[in-house]
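The structure appears below as structure tokens.
All values below come from the heavy atoms of this structure, side chains included, with hydrogens, waters and symmetry mates left out. In what follows, chains are A, B, ... by sequence order, proteins preceding strands, each numbered from 1. What you are looking at is a predicted structure, and each value in this text was computed from that prediction instead of being measured.
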2 protein chains.
Amino acid sequence: MSSANKKNEIIKEITTSKETTEIEELLCPIRYLLNIFGGKWKLPIICILSGGTALRYSSIKRKLDDITNVMLSQSLKELEASGLVHREQYNEVPPRVEYTLTEKGKSILPALAQVAKWATENMETETACQTKCSECQKTV
Amino acid sequence: MSSANKKNEIIKEITTSKETTEIEELLCPIRYLLNIFGGKWKLPIICILSGGTALRYSSIKRKLDDITNVMLSQSLKELEASGLVHREQYNEVPPRVEYTLTEKGKSILPALAQVAKWATENMETETACQTKCSECQKTV
DNA sequence: CTGTATCCTTGAGGATACTG
DNA sequence: CAGTATCCTCAAGGATACAG
């Protein structure tokens with residue numbers, strides 16, 4: 001093939017590579033997920049609450065040991081606004097507030113378990129990430 | 001119940017509510033996931049590449065229309081380092097580089113499809129989030 | 001105990017220009 | 001085309017103190 005031909009072919013490929021602009025079906029839902037689960041703490045909180053038992057504010061905080069009050073209360077509020085978490089307040093002294101997953105919140109758990117399963121299968125062989133998991137004390 | 005009794009009961013509850021400190025099995029893998037998929041762009045990139053066909057740098061950029069060069073090249077590099085994305089460079093002029101998912105990258109897709117399915121089912125009824133999805137033009 | 005109020009730091013991400 | 005180099009902004013998140 002001549003140089004000119006090759007050049008033309010390349011140019012043609014570049015200019016015609018518009019790709020079928022078909023919508024990636026995954027992309028939009030994923031963006032939605034990033035909106036409601038994005039950030040550092042929301043997914044961990046969901047995990048903590050996945051056990052099914054109602055947990056107190058301080059109890060969640062303890063399990064997420066390095067979360068600040070600001071982030072915890074803010075994250076819980078946003079999860080509540082998304083309809084994923086239920087807040088039950090008891091008018092006692094000292095105050096007691098318990099958090100649980102709503103039905104909607106619970107409904108994500110099977111899917112979450114799927115990705116967690118993938119993660120578990122791939123964590124062991126991963127060497128690039130040096131983050132220490134504060135829960136299981138393994139360096140993953 | 002007397003006031004004193006109630007008080008004692010509350011105190012007892014507080015001090016003994018250590019909860020079984022069992023490890024939440026979900027938490028650690030989720031932290032791992034946040035490490036390799038966290039941030040604004042990595043999951044969207046995975047989605048874009050989920051089609052199976054190799055895509056050029058510029059092509060990915062176009063589909064993610066408002067991503068900057070810095071973020072795109074950086075995200076791709078990190079995904080490559082995690083073994084999820086493969087980079088194939090062709091020594092042509094002008095340069096051509098194509099990206100695909102690796103086998104590891106592909107292996108997350110079924111699980112990702114599960115959470116995306118959940119998202120799709122829940123997006124419609126969601127009113128709190130006002131983010132406009134740039135792909136499907138729906139306000140989700 | 002369950003948060004709020006404030007102030008502050010850091011780094012993710014953006015804008016622009018430029019190169020091979 | 002496929003990125004780098006630079007500089008910059010802004011907001012997520014942290015630290016500390018305090019309140020109901």
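- One finds a side-chain N or O of B:Ser58 lying less than 4.0 angstrom from the OP1 or OP2 phosphate oxygen of D:dA2.
- Between B:Met71 atom CE and D:dG3 atom P the separation is 15 Å, expressed in whole Å.
- Regarding B:Glu88, its CD atom lies at a distance of 12 Å from the P atom of D:dG3, rounded to whole Å.
- Annotation: side chain of A:Leu101 is in contact with side chain of A:Ile46 (closest heavy-atom distance under 4.5 Å).
- Separating the CD1 atom of A:Ile45 from the C1' atom of C:dG3 is a distance of 14 Å, rounded to the nearest angstrom.
- Taking atom OH of A:Tyr57 as the reference point, atom P of D:dG20 lies 17 Å away to the nearest angstrom.
- Counting only heavy atoms from C-beta outward, the side chains of B:Lys63 and B:Ser59 approach each other to under 4.5 Å.
- Across the protein-nucleic acid pair, A:Gln74 atom CD and C:dT4 atom C1' stand 12 Å apart, rounded to whole Å.
- Taking 4.5 Å as the limit, some side-chain heavy atom of A:Ile67 sits within range of a side-chain heavy atom of A:Lys61.
- Contact annotation for A:Lys40: backbone-only contact, meaning every heavy-atom pair under 4.0 Å involves sugar-phosphate atoms and none involves a base.
- At the phosphate of D:dT4, OP1 or OP2 sits under 4.0 Å from a side-chain N or O atom of B:Lys77.
- The residue among A:Val70 and B:Val70 whose nearest nucleotide of DNA chain D lies closer to the 5′ end is B:Val70.
- Among the heavy atoms of the strands, none lies under 4.0 Å from B:Tyr90.
- At the phosphate of C:dT16, neither OP1 nor OP2 sits under 4.0 Å from any side-chain N or O atom of B:Thr68.
- Between A:Asn69 atom CG and D:dA19 atom P the separation is 15 Å, expressed in whole Å.
- No side-chain heavy atom of A:Ile30 sits under 4.5 Å from any side-chain heavy atom of A:Tyr32.
- When rounded to the nearest whole Å, the span between CG of A:Leu76 and P of C:dT2 equals 11 Å.
- Phosphate proximity of D:dA2 to B:Arg56: present, with a side-chain N or O under 4.0 Å from OP1 or OP2.
- Side-chain nitrogen and oxygen atoms of A:Tyr99 include at least one within less than 4.0 Å of the OP1 or OP2 phosphate oxygen of C:dG3.
- The CE atom of B:Met71 lies 8.0 Å from the NZ atom of B:Lys42; values are rounded to the nearest 0.5 Å.
- Atom-to-atom, NZ of B:Lys61 to C1' of D:dA2 comes out at 9 Å; the value is rounded to the nearest Å.
- The shortest distance between the side-chain N/O atoms of A:Arg87 and the OP1/OP2 oxygens of C:dG3 is below 4.0 Å.
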